[in-house]
Amino acid sequence: MNIAYWNIHGLNEDKFQDDLFIENVCKYDIVCFAETMLRESPGNLPGFTSPYIVKPIKAKKRGRPSGGMLIFIKAKFKNVISEIKQNNFSIWLKIDGTFLNLEKNIFLCFTYIKPYINKDISELTFTKLENDISFFLSKGEVILSGDFNARTGGLNDFIQNDGVNDNFTDCPVPEDYTPDLPLERNQLDQKNNLHGNLLVNICKSSQMRIVNGRFLGDSLGYFTFYNSNGKSTVDYMLTSQNLFYTINNFMVKPPTDLSDHCLIALNIFNFKNSKEIDKEELWSLPGTFKWADQSKDIYIDALLEENSVEDILSLNKLIDDN
């Protein structure tokens, strides 16, 4: 199942008729357009159901409204995905876990959180989001995707040394307590802000984990927003810690002239379909190798063997220039 989120920065009929736009979005199963600034859809996408709509907010009498989301779902998933909650900055969908052969349902949240106005508004918005996450985690697994206007450079989304028992001498924890996994995360954007701190605090309190910068397709943690003033990473996908093993890859697509934000996409593994794969088609894991002092010389000698050189040169010819 492929899930995409795109802050489209204004959606209209022209974009719906753009070939690049259609090519970018129709390959996904669930697509959320954020900051649409629309109260209704300007059209339909081929192969998708009518969208779920989160209407934008017009704070002033004059000027255009801000925010708004449209969520399109491939017709084949119509019976396994349903809307269960929305407010003015988020929408929650339930994915039937049995479709993915999971024991629990997945609760998928798309959100758009406005840029910083003042500390009280920001803290209230993230508190509401945290309360929703806590509620749905009690019922299943959670995937969270959105433009949080949060910069998290250099901030951990997990509690360090959480698994060391000595840390809890003065404050015992329940026997069923699950410690945080210390997962390294790369990110080209090294700056952080208040929204970034609030987002990682949610991660620490709920054991949600940022996907950006941790998976094939975005191993460096690419920028997701570009404008004349610079670039930053503000669009993220997060999953509950238990869902990390279901992720195949995560992509930050290259910037286009359709929006100042990049489309981000997550692919999670469909376990039901995996049962149909012939075991003979699966690769077997290689054997382990214990590194020793002399291993460097052995490795170099192996690379210099005639067969190894031929294999490497042949492989290099097959690699696409891009």
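What you see below is based on every heavy atom in this structure, not just the backbone, and it leaves out hydrogens, waters and symmetry mates. The chain is numbered in sequence order, starting from 1. Here the structure is a predicted model, which means the values were calculated and not measured.
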Exercise. Are I143 and I106 side-chain neighbours, meaning at least one heavy-atom pair lies under 4.5 Å?
Worked result: yes
Exercise. So, S240 and N242: side-chain donor and acceptor under 3.5 Å apart, yes or no?
Worked result: no
Exercise. Between L129 and I113, is any pair of side-chain heavy atoms under 4.5 Å apart?
Worked result: yes
Exercise. Does the K191 side chain pair with the main chain of G153, one donor and one acceptor, at a distance under 3.5 Å?
Worked result: no
For this session: Using distance alone, with no hydrogens and no angle criterion, decide if S314 and D311 have a side-chain donor and acceptor under 3.5 Å apart.
Result: no
Problem set entry | N/O donor-acceptor pair under 3.5 Å between K85 side chain and D132 backbone | no
Exercise. Is it the case that more than 12 heavy atoms not belonging to K55 sit under 6.0 Å from its NZ atom?
Worked result: no
For this session: Answer yes or no: is there a donor N or O on one side and an acceptor on the other, between the side chain of R209 and the main chain of F158, under 3.5 Å?
Result: no
Problem set entry | Side-chain (N227) to main-chain (G230) donor-acceptor, under 3.5 angstrom | yes
Exercise. Are any side-chain N or O atoms of N316 and backbone N or O atoms of I312, one a donor and one an acceptor, separated by less than 3.5 Å?
Worked result: no
Seminar exercise, completed: Interatomic distance, CD1@I57 vs CZ@R39, rounded to 0.5 Å, equals 10.0 Å
Problem set entry | N/O donor-acceptor pair under 3.5 Å between D260 side chain and F225 backbone | no
Problem set entry | same_hphob_cluster(I22, L258) at 4.5 Å side-chain heavy-atom cutoff | yes
For this session: Is it possible for you to say whether V211 and Y245 belong to one hydrophobic cluster, with membership spreading through side-chain heavy-atom contacts below 4.5 Å?
Result: yes
Exercise. Are Y112 and I91 connected in a single hydrophobic cluster, I mean Ile/Leu/Val/Met/Phe/Trp/Tyr linked by side-chain heavy atoms less than 4.5 Å apart?
Worked result: yes
Problem set entry | Atom CD of E103: over 12 foreign heavy atoms under 6.0 Å | no
Exercise. Between H195 and Y116, what is the ring plane arrangement, given parallel below 30°, perpendicular above 60°, and tilted in between?
Worked result: perpendicular
Problem set entry | Mutual orientation of the aromatic rings belonging to W6 and F33 [parallel < 30°, tilted 30-60°, perpendicular > 60°] | tilted
Problem set entry | Greater than 12 external heavy atoms within 6.0 Å of K94's NZ | no
Exercise. Just by distance, do the side chain of S259 and the backbone of N7 share a donor-acceptor pair under 3.5 Å?
Worked result: yes
Problem set entry | Heavy-atom neighbours of Y299 OH exceed 12 at 6.0 Å | no
Exercise. Between N131 and S134, is a side chain to side chain donor-acceptor pair (under 3.5 Å) present by the stated rule, with each step listed?
Worked result: CA-CA 5 Å; N131 290 339; S134 178; over 6 Å; no
For this session: Could you label the plane-to-plane angle of the F77 and F99 rings as parallel, tilted or perpendicular, counting under 30° as parallel and over 60° as perpendicular?
Result: perpendicular
Problem set entry | With Y236, the side chain to side chain donor-acceptor pair (under 3.5 Å) member among T152, D157, T111, T224 | T152
